[in-house]
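A short worksheet on the structure shown next.
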There are 2 protein chains.
Amino acid sequence: MRVRKDWPRRMMLAASLIALMTTPTLAKQAPVENTISQFTLGNGMQVVVIPDHRAPIVTHMVWYKIGSADEPPGKSGIAHFFEHLMFKATSNHPAGALDQAVADIGGNDNAFTSYDFTAFHETVPPSALGQMMGFEADRMRNLVLSDEAVATERDVIMEERRSRIDNDPQAQLDEAVNATLYMNQPYRIPVIGWMQEIEQLNRVDAKAFYDRYYAPNNAVLIVAGDVDAEAVRKLAEEYYGKVPRGPDLPPRVRPKEPEKTTARSVTLADARVSVPNFSMQWVVPSYNTAKSGEAEALDLLGEILGGGSRSRLYQELVVKQGIAASVGAGFQGRALDDTVFAAYATPRGTAKLADVEKAVGIEIEKIARDGVSTDELERAKNRYIRSMIFARDRQDSMANIYGNVLTTGGTIKDVEEWPERIRKVGADEVKAAAQRYLLLDKVVTGYLLPKAEN
Amino acid sequence: MRVRKDWPRRMMLAASLIALMTTPTLAKQAPVENTISQFTLGNGMQVVVIPDHRAPIVTHMVWYKIGSADEPPGKSGIAHFFEHLMFKATSNHPAGALDQAVADIGGNDNAFTSYDFTAFHETVPPSALGQMMGFEADRMRNLVLSDEAVATERDVIMEERRSRIDNDPQAQLDEAVNATLYMNQPYRIPVIGWMQEIEQLNRVDAKAFYDRYYAPNNAVLIVAGDVDAEAVRKLAEEYYGKVPRGPDLPPRVRPKEPEKTTARSVTLADARVSVPNFSMQWVVPSYNTAKSGEAEALDLLGEILGGGSRSRLYQELVVKQGIAASVGAGFQGRALDDTVFAAYATPRGTAKLADVEKAVGIEIEKIARDGVSTDELERAKNRYIRSMIFARDRQDSMANIYGNVLTTGGTIKDVEEWPERIRKVGADEVKAAAQRYLLLDKVVTGYLLPKAEN
């Protein structure tokens, strides 16, 4: 059975949190000279080409501006379900033909679904780019949605949910924290869907979803690698250009969060847990919803508070006090709607969870009260921008960043100017962000605990 | 400014909890001989007549099968908003004409909105029944929804929200508890609506809502009082019979709750709070969603655990231990979807909230582990059924019970057989309900705390 990687934007485990939080992006002053091109096909499909000639490889991605947060009420999981269905037969190819073709040429392919997007991608030699476009253009419109294909894949997804969520205490907790954190926005609903709703998904739902959202005018094509823009344009016109435009979609306006008035907690105790942990989370503006400079300040606040071993939390709780085995904080900035800022820790040895939580709270209150020093901010900017530059060195991360930004309300210019915008953030803005958003009486705290023996 | 009574089914304060939880209903063996009639008009309007000849008064109610839980995403508050708009001008009457007519004859009128229904009612002398029907039939279809009327009433409702929710710590907490308790069902959204969504409601939304839901085939007429069925039928046909049928509506199928995996808490500390309190809440089946007998068992579980001064919680925490000033528990059974079972307490004197909470938890675990005695159950049934009989003595409560049941999936037979069904519940069923639903590791606890001085 093929493994699909989902990409739930909310990060749950400490490790994945760090990884995602510091996900770097393309920097203007990067070492390799790339000129990003973009253009739009006649049917509305947006195309971005990111040349990278260091190796004879190309990353081909189709991002659809449809994610789980766009699902109708009661149909949770259908975006992710549809990601799976896209690997079924089309009127031109049997199921598995794309996977087989990619495997035959030693490439790889996969797909992922998040709150704001669903993406399909292949990494192959440049000579196979046209073939990949042929497959993607074909399944964009020619899927055969039989009752049988739908029923089979629904079983697969229910099993996926059982194994990945229902059998994993951390995943169960994360799901409940998320449903608690967001009081109104659809990010509260798990990307994979609630089991009782997955069970009900059917061919009629799938067909309606496909016809509405899978169309060139709702897609972004990202091609990164050993290609040039003109060649990509010719291929894109040849393969994607003939796919008819889909319906015009209304703006992606979703329910918004109300003002928070309470502190909330979510606790899961399970016999399988040996080391407890906790996370503190807040709903904050995203790059798409923040006023100018605020999301950048939140990124730097995350970096200073908990971005790696130079951060305040690490230095205070791990190095100085020695009460935490791991600790971190960060901002998940790229989202169409308001998003999450989180801090988390795992106690070390015999340290009590409550003491570690208190120590994290003290660091948060300190930064909100006293702000950050110019030096500290400068170092954080350097670290942050350096991580962006490292990112550009990876073809797939470049493609991911552009796809992510372009499907969450951003533009190519936003990606290009990001380092400069980070540079411009003042210490007062970081302090203001902490003061405004990291309120201990408005936090949602998740606790994963070992189950006490009875 | 007229005062409208909303009827959010979720009950928040101890006092209102007791009041609602023991809301009694009509008993078959009641002292006054009433024969309930029901019939349906040609346009689909359901009519229930409850004769009560003890006084020359009649209660006239129109219940619409539309409540806040039926609202589209992002349009929270529109059901309640529409309740207000129904008091605006129609093409036949200026705004205020109904209120004035009712006041002129010494009656009273009002309206309320809940998750599952919106109801309008007048209490007047029987001679005015036709006039009332004329007004209700008129505003069912002839409202003038001007931009101005909509904008004015929206301001009224925003002010209502400010004064009733945003300026009241208990109401703020209750709202957050509710949004936390239900992870997926729309009962999580406040009846009055989230402020940021109320602000956006407009004439187009209102018109669409009116045309869809305000129609005789989506309404139940309840007439209780000094009238007979034939006279009511004639009047109903005369006034309501000519209102054209509205669109056929799909079944009221709403998103369902997922399995709970965590214990959660919601805390609000406010300087205006002098005495703290807490509530423990669970999502449980309603009379409409429970398997046979289970909702009745939950009603008796509420009665035994916390229904008044003979209850276990009262006897243990108030009388014996003296640590609680008030305590209670109960089941809000009448709802279209799964509903709430709650227990709550306020500490007495210097007793600590945590100790009171622990004591409530002990009583809950005891009832789940050891069950209830036959004697105790018998006494609880007697108390419960007695309260039903008392209820029948009030014309307005009779009318309310029928309206509530008929708009939440129930039938007249359900009301009539309710006492018998309560009689049939066995001690094992009460224990099973406690065991299955009142789980301390799946509870949502709300804490209202005084704000510590800084």
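Chain letters run A, B, ... following the sequence lines, proteins first, then strands; residues in each count from 1.
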Residue, of A:Thr180, A:Asp441, A:Asp270, that accumulates the most heavy atom pairs under 4.5 Å with chain B: A:Thr180

Taking 4.5 Å as the heavy-atom cut-off, does anything in residues 253-263 of chain B contact chain A, and if so which residues? B:Pro255, B:Lys256, B:Glu257, B:Pro258, B:Thr261, B:Thr262, B:Ala263

Where do B:Met183 and A:Ala176 come nearest, in terms of heavy atoms and distance? CE-CA, 3.8 Å

Which residues in residues 68-79 of chain A have a heavy atom less than 4.5 Å from any heavy atom of chain B? A:Pro73, A:Gly74

Gap separating the CG atom of A:Leu268 from the NZ atom of B:Lys442, nearest 0.5 angstrom: 8.0 Å

Let me know if A:Gln172 has heavy atoms under 4.5 Å from chain B in its side chain, its backbone, both or neither. both

Working to the nearest 0.5 Å, report the span between OG1 of B:Thr445 and CZ of A:Arg264. 14.0 Å

Looking at every non-hydrogen atom in both residues, tell me the closest pair between A:Arg188 and B:Tyr182 and how far apart they are. NH2-O, 4.1 Å

Distance-only polar pair, side chains of B:Ser265 and A:Ser265, donor-acceptor under 3.5 Å: yes

Please identify, among A:Leu173, A:Ile189, A:Asn184, the residue contributing the most non-hydrogen atom pairs under 4.5 Å to chain B. A:Asn184

Shorter than 4.5 Å, heavy atoms on both sides: which option in A:Gln200, A:Met195, A:Glu197 has the most such pairs with chain B? A:Glu197

